[in-house]
**Student:** 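Structure provided below as structure tokens; questions to follow.
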Amino acid sequence: MTFQWTAVAVFLYAEIAILLLLCLPYISPLRWQKIFMFSLWGKIANYWNKAFLAIIVLLIVLFLDAVREVRKYSNVHIAEKSTQTTASAYDHIQMKLFRSQRNLYISGFSLFLWLVLRRTVSLITLLAKEMGAQVALEIQVANTSDAARKYLEENEKLQRSLMERRNCVNDQLIEVTNKKLKQEAEKLKAEIKKSSMVLGKKTDEVTAVKNRAESLKKEYDHLIREHTKLKDHSGEKHDKKAL
């Protein structure tokens, strides 16, 4: 195997090892993202696209060269098989054909795995970003839930304090109302007392007036009787004089 195909084979084995390492379930995409964020990878990332395209072009050239070699030695193999050749020449052509096919497989798989590796790294990076965004969103949701819970607790405390204040205000209003009612009741009692006193005086006056009226009535009756007696007496005197 020549140097260039040895390098391609080593590159293929390295690709297989890296892909197997990337496919390990024990290493999360977030950890891979942290690894990709190292300063060394940051320096390599500046030349990553150029190196990727250069390797792609190189592998395509080697793949096309391997295809050409396979077609060449396949045609030679058919021609040698149709003609009578020595066994050593036939074996030499077979060996060349085998090497060209081996180089074709190596270059083809290297090209394919290089594209797969590029896509895998891109997907892992994208998945790590999405997972980071999900973690940040979960943290934000947790913070929002904590804030909402604190807000509800503060709201409950505020409602309790408002209820207590309302109860205090109601108690104060009830006390003030009771005081006013007591004052009004005392005023009414005083007025009733005054009214009862005035009523007693008026009752006494009415009783005195009634007594005076009765005494006047008695005197009037007495005067009427006296008048009647005098009238009768004067009548009798008049009758006597007439006789």
Side-chain angles (χ1 to χ4, degrees), residues 1-140:
M1 184 181 292
T2 59
F3 175 76
Q4 62 178 3
W5 292 112
T6 303
V8 174
V10 172
F11 185 73
L12 176 62
Y13 301 149
E15 287 177 332
I16 294 172
I18 292 171
L19 284 173
L20 289 176
L21 189 63
L22 290 174
C23 291
L24 288 176
Y26 305 104
I27 305 176
S28 64
L30 292 174
R31 188 167 297 178
W32 279 117
Q33 188 182 21
K34 291 180 181 179
I35 294 172
F36 295 154
M37 293 299 291
F38 288 165
S39 60
L40 179 62
W41 296 111
K43 294 178 182 178
I44 296 174
N46 296 325
Y47 307 98
W48 171 249
N49 291 326
K50 294 180 181 180
F52 175 78
L53 293 176
I55 293 173
I56 284 289
V57 171
L58 182 61
L59 291 175
I60 290 173
V61 170
L62 292 174
F63 179 75
L64 293 176
D65 182 65
V67 171
R68 183 185 61 79
E69 291 289 330
V70 169
R71 293 182 63 184
K72 173 184 174 181
Y73 290 110
S74 294
N75 294 329
V76 173
H77 173 70
I78 294 171
E80 292 292 334
K81 190 175 182 180
S82 61
T83 60
Q84 294 180 354
T85 57
T86 60
S88 61
Y90 183 76
D91 291 338
H92 181 71
I93 293 170
Q94 282 288 103
M95 183 182 65
K96 291 286 186 180
L97 181 61
F98 172 75
R99 287 181 179 177
S100 62
Q101 289 176 349
R102 180 200 62 191
N103 296 335
L104 176 65
Y105 296 147
I106 291 173
S107 60
F109 279 112
S110 297
L111 179 61
F112 173 73
L113 291 180
W114 184 242
L115 295 173
V116 172
L117 183 62
R118 166 78 177 226
R119 184 62 178 171
T120 304
V121 172
S122 300
L123 290 176
I124 288 175
T125 304
L126 181 61
L127 182 59
K129 290 181 180 179
E130 293 295 330
M131 290 177 69
Q134 184 179 1
V135 171
L137 184 61
E138 289 177 355
I139 294 172
Q140 185 177 1

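We use all heavy atoms of the structure for the numbers below, so side chains are in, but hydrogens, waters and symmetry mates are not.
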**Student:** Counting C-beta onward and ignoring hydrogens, is there a side-chain heavy-atom pair between Leu117 and Leu19 closer than 4.5 Å?
**Tutor:**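 Result yes, sub-4.5 Å side-chain heavy-atom pair found.
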**Student:** Just how far is it from atom CG of Leu64 to atom CG of Leu104, taken to the nearest 0.5 Å?
**Tutor:**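 With rounding to 0.5 Å, CG (Leu64) is 10.0 Å from CG (Leu104).
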**Student:** Report the distance from atom CG of Leu113 to atom CG of Leu115, rounding to the nearest 0.5 Å.
**Tutor:**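 Here the rounded value is 9.0 Å.
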**Student:** Might you confirm whether atom CZ of Phe52 has over 12 heavy atoms from other residues, nucleotides or ligands at distances under 6.0 Å?
**Tutor:**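 More than 12 heavy atoms, drawn from other residues, nucleotides or ligands, come within 6.0 Å of this atom.
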**Student:** Among Leu62, Leu59, Leu58, exactly one meets side-chain contact (heavy atoms from CB on, under 4.5 Å) together with Ser110. Which residue is that?
**Tutor:** Leu59
**Student:** How long is the gap from CD on Glu15 to CG on Leu22, to the nearest 0.5 Å?
**Tutor:**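 Taking CD in Glu15 and CG in Leu22, the distance rounds to 11.5 Å.
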**Student:** Find out whether Trp5 and Ser107 are in side-chain contact, i.e. whether some heavy atom of one side chain is under 4.5 Å from a heavy atom of the other.
**Tutor:**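 Yes, close enough: below the 4.5 Å cut-off.
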**Student:** Give a yes or no answer on whether the side chain of Asn103 reaches the backbone of Arg99 with a donor-acceptor pair at less than 3.5 Å.
**Tutor:**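 Between the backbone of Arg99 and the side chain of Asn103 there is a qualifying donor-acceptor contact (under 3.5 Å).
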**Student:** What is the minimum heavy-atom distance between Ser100 and Glu69, and which atoms define it?
**Tutor:**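 Minimum heavy-atom separation between Ser100 and Glu69: CB-CB, 3.6 Å.
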**Student:** With Phe11, which residues qualify under ring-ring contact (aromatic ring centres under 6.0 Å, His included), at least two apart?
**Tutor:**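 Only Trp114 meet the ring-ring contact (aromatic ring centres under 6.0 Å, His included) criterion with Phe11.
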**Student:** Report, as yes or no, whether the 6.0 Å neighbourhood of atom CD on Glu138 holds more than 12 heavy atoms from other residues, nucleotides or ligands.
**Tutor:** yes
